[in-house]
Amino acid sequence: GPGAAVVSFSDITESRNSAARARKQENRFRTIFERAPGFILLLDTAGRIRLINRVPPGQNKEAFLGQTILDFMPPESQAVARDALDRAVTTGESVSFDHVAVGEPGRLEWYSSHLFRLGEEDGEQGLVLMANNISERKRMEAELDYLAFHDSLTGLANRDHFIREISRLDPAKDEGYLFFIDLDNFKTINDSLGHHIGDRALINVADILRATFRRSDIVGRLGGDEFA
């Protein structure tokens with residue numbers, strides 16, 4: 001009759017609880033994303049950066065968004081990253097690769113990256129790139145590699161490296177000269193003036209030999225005061 005009304009009630013408690021749980025989960029993942037020690041990038045399938053958790057010191061995060069990861073790499077690393085993108089998109093496999101990319105302004109750094117495909121979002125596929133700076137590890141590897149083949153005092157090839165390089169020569173094709181050089185009275189220098197002066201003498205001899213011979217020649221310290 002007049003003045004009557006129909007009121008309908010729906011229990012939305014579960015819906016509100018679900019929304020609250022979703023917000024809580026989103027905040028949890030956002031915290032993990034922002035505080036992760038390495039770099040996490042959300043990409044589209046062309047490698048364009050849609051979201052990034054952090055950038056190298058001195059860089060502007062906004063300058064990265066919308067650019068492709070290739071834009072921040074030198075050509076040799078672009079080829080490696082392009083292949084990784086193609087494999088991740090076409091096969092769905094996770095791809096790990098090392099590459100060089102921008103670090104602090106004016107510097108290139110080494111990174112170890114792991115790339116994998118994300119589930120479709122609104123019909124569009126995405127990729128996740130997780131990267132860690134490994135420049136210090138690469139520097140140490142290069143230093144160890146150098147020490148394995150060079151004399152630590154003079155920087156010339158060590159005995160093993162010198163013999164290895166000589167053994168690669170073909171006597172039937174490669175012509176050249178082999179010089180063995182030692183220092184007269186070197187023991188007297190060490191005994192009378194000290195080993196630090198003896199070391200300085202060895203370094204000076206190495207510098208003379210390095211300046212005398214061509215860069216393509218093999219010059220080494222075989223040990224003690226012996227050079228070749």
Side-chain angles (χ1 to χ4, degrees), residues 19 21-150 152 155-157 161 165 210 215-216:
R21 285 195 297 269
R23 285 194 299 271
K24 185 176 181 179
Q25 187 176 34
E26 180 181 351
N27 290 334
R28 183 181 296 118
F29 280 116
R30 183 173 294 278
T31 299
I32 295 172
F33 178 76
E34 293 176 348
R35 296 186 181 181
F39 299 92
I40 303 176
L41 297 82
L42 300 184
L43 315 172
D44 65 15
T45 53
R48 280 187 293 270
I49 301 170
R50 301 153 86 184
L51 192 63
I52 184 170
N53 68 328
R54 66 178 68 245
V55 295
Q59 298 285 7
N60 181 4
K61 184 181 289 188
E62 296 301 319
F64 285 74
L65 299 177
Q67 305 296 316
T68 75
I69 57 174
L70 305 180
D71 294 329
F72 302 98
M73 301 179 184
E76 59 273 17
S77 287
Q78 287 181 6
V80 175
R82 189 177 292 109
D83 178 67
L85 285 169
D86 290 342
R87 288 165 56 193
V89 171
T90 58
T91 69
E93 64 180 279
S94 298
V95 184
S96 298
F97 60 103
D98 292 350
H99 61 93
V100 174
V102 296
E104 296 180 14
R107 293 182 57 181
L108 291 173
E109 305 274 5
W110 272 101
Y111 296 89
S112 178
S113 288
H114 183 67
L115 181 69
F116 58 92
R117 193 168 68 187
L118 203 59
E120 291 190 9
E121 181 180 331
D122 297 327
E124 183 180 354
Q125 288 184 345
L127 300 167
V128 177
L129 178 73
M130 304 178 70
N132 289 292
N133 191 316
I134 59 168
S135 297
E136 182 61 19
R137 191 189 84 189
K138 286 288 187 179
R139 186 194 65 77
M140 293 181 64
E141 289 175 353
E143 184 175 329
L144 290 173
D145 187 61
Y146 179 86
L147 292 175
F149 297 103
H150 294 82
S152 59
L156 297 179
H161 184 40
E165 290 298 311
R210 196 180 284 110
R215 292 179 62 87
S216 58

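The two atoms that bring A88 and L115 nearest to each other are CB-CD2, 3.9 Å, heavy atoms only. Contact between H114 and S96 at its shortest, heavy atoms only, is ND1-OG, 2.9 Å. When all heavy atoms of L65 and R50 are compared, the closest pair comes out as CD2-O, 3.8 Å. Of all the heavy atoms in P105 and P57, the pair that sits closest is CD-O, 3.3 Å. Taking all atoms of both residues into account, the shortest heavy-atom contact from T68 to A46 is CG2-O, 4.1 Å. A pairwise comparison of heavy atoms in W110 and K138 identifies CG-CG, 3.5 Å as the closest pair.
We find the OH-CE distance between Y111 and M73 to be 9.5 Å, quoted to the nearest 0.5 Å. Taken from CD1 in I134 to CZ in R139, the straight-line distance is 13.5 Å, to the nearest 0.5 Å. Residue R210 holds its CZ atom at 10.0 Å from CZ of R215, rounded to the nearest 0.5 Å. Here the straight-line distance linking atom CZ of R117 with atom CG of L85 works out to 13.0 Å at 0.5 Å rounding.
Between Y146 and H150, the two ring planes are parallel [angle under 30°; tilted spans 30° to 60°].
Within the 4.5 Å cutoff, no side-chain heavy atoms of L41 are placed close to those of L127. Annotation: side chain of F72 is not in contact with side chain of P56 (no heavy-atom distance under 4.5 Å). Contact annotation: the side chain of I40 never approaches that of I52 to less than 4.5 Å [non-hydrogen atoms, C-beta and beyond]. In this structure, I69 and L43 have side chains that are in contact, with non-hydrogen atoms separated by less than 4.5 Å.
Inspection of the D98 and S112 side chains reveals an N or O donor paired with an N or O acceptor under 3.5 Å.
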Carefully, step by step, assess R87 and D83 under the rule salt bridge (Lys or Arg N to Asp or Glu O under 4.0 Å). CA-CA 6 Å; R87 288 165 56 193; D83 178 67; 3.6 Å; yes
Verdict with supporting geometry, F39 and M130, side-chain contact (heavy atoms from CB on, under 4.5 Å): CA-CA 6 Å; F39 299 92; M130 304 178 70; over 6 Å; no
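The pair R107-E109 meets the salt-bridge criterion, since a charged nitrogen lies less than 4.0 angstrom from a carboxylate oxygen. A salt bridge between D71 and R48 is absent, with no side-chain N of the basic residue lying under 4.0 Å from a carboxylate O of the acidic one.
The closest donor-acceptor contact from the side chain of D86 to the backbone of A81 lies at 3.5 Å or more, if one exists at all. Between the side chain of Q67 and the backbone N or O of I49, no donor-acceptor pair lies under 3.5 Å. Between the side chain of S113 and the main chain of A131, no donor-acceptor pair closer than 3.5 Å is present.
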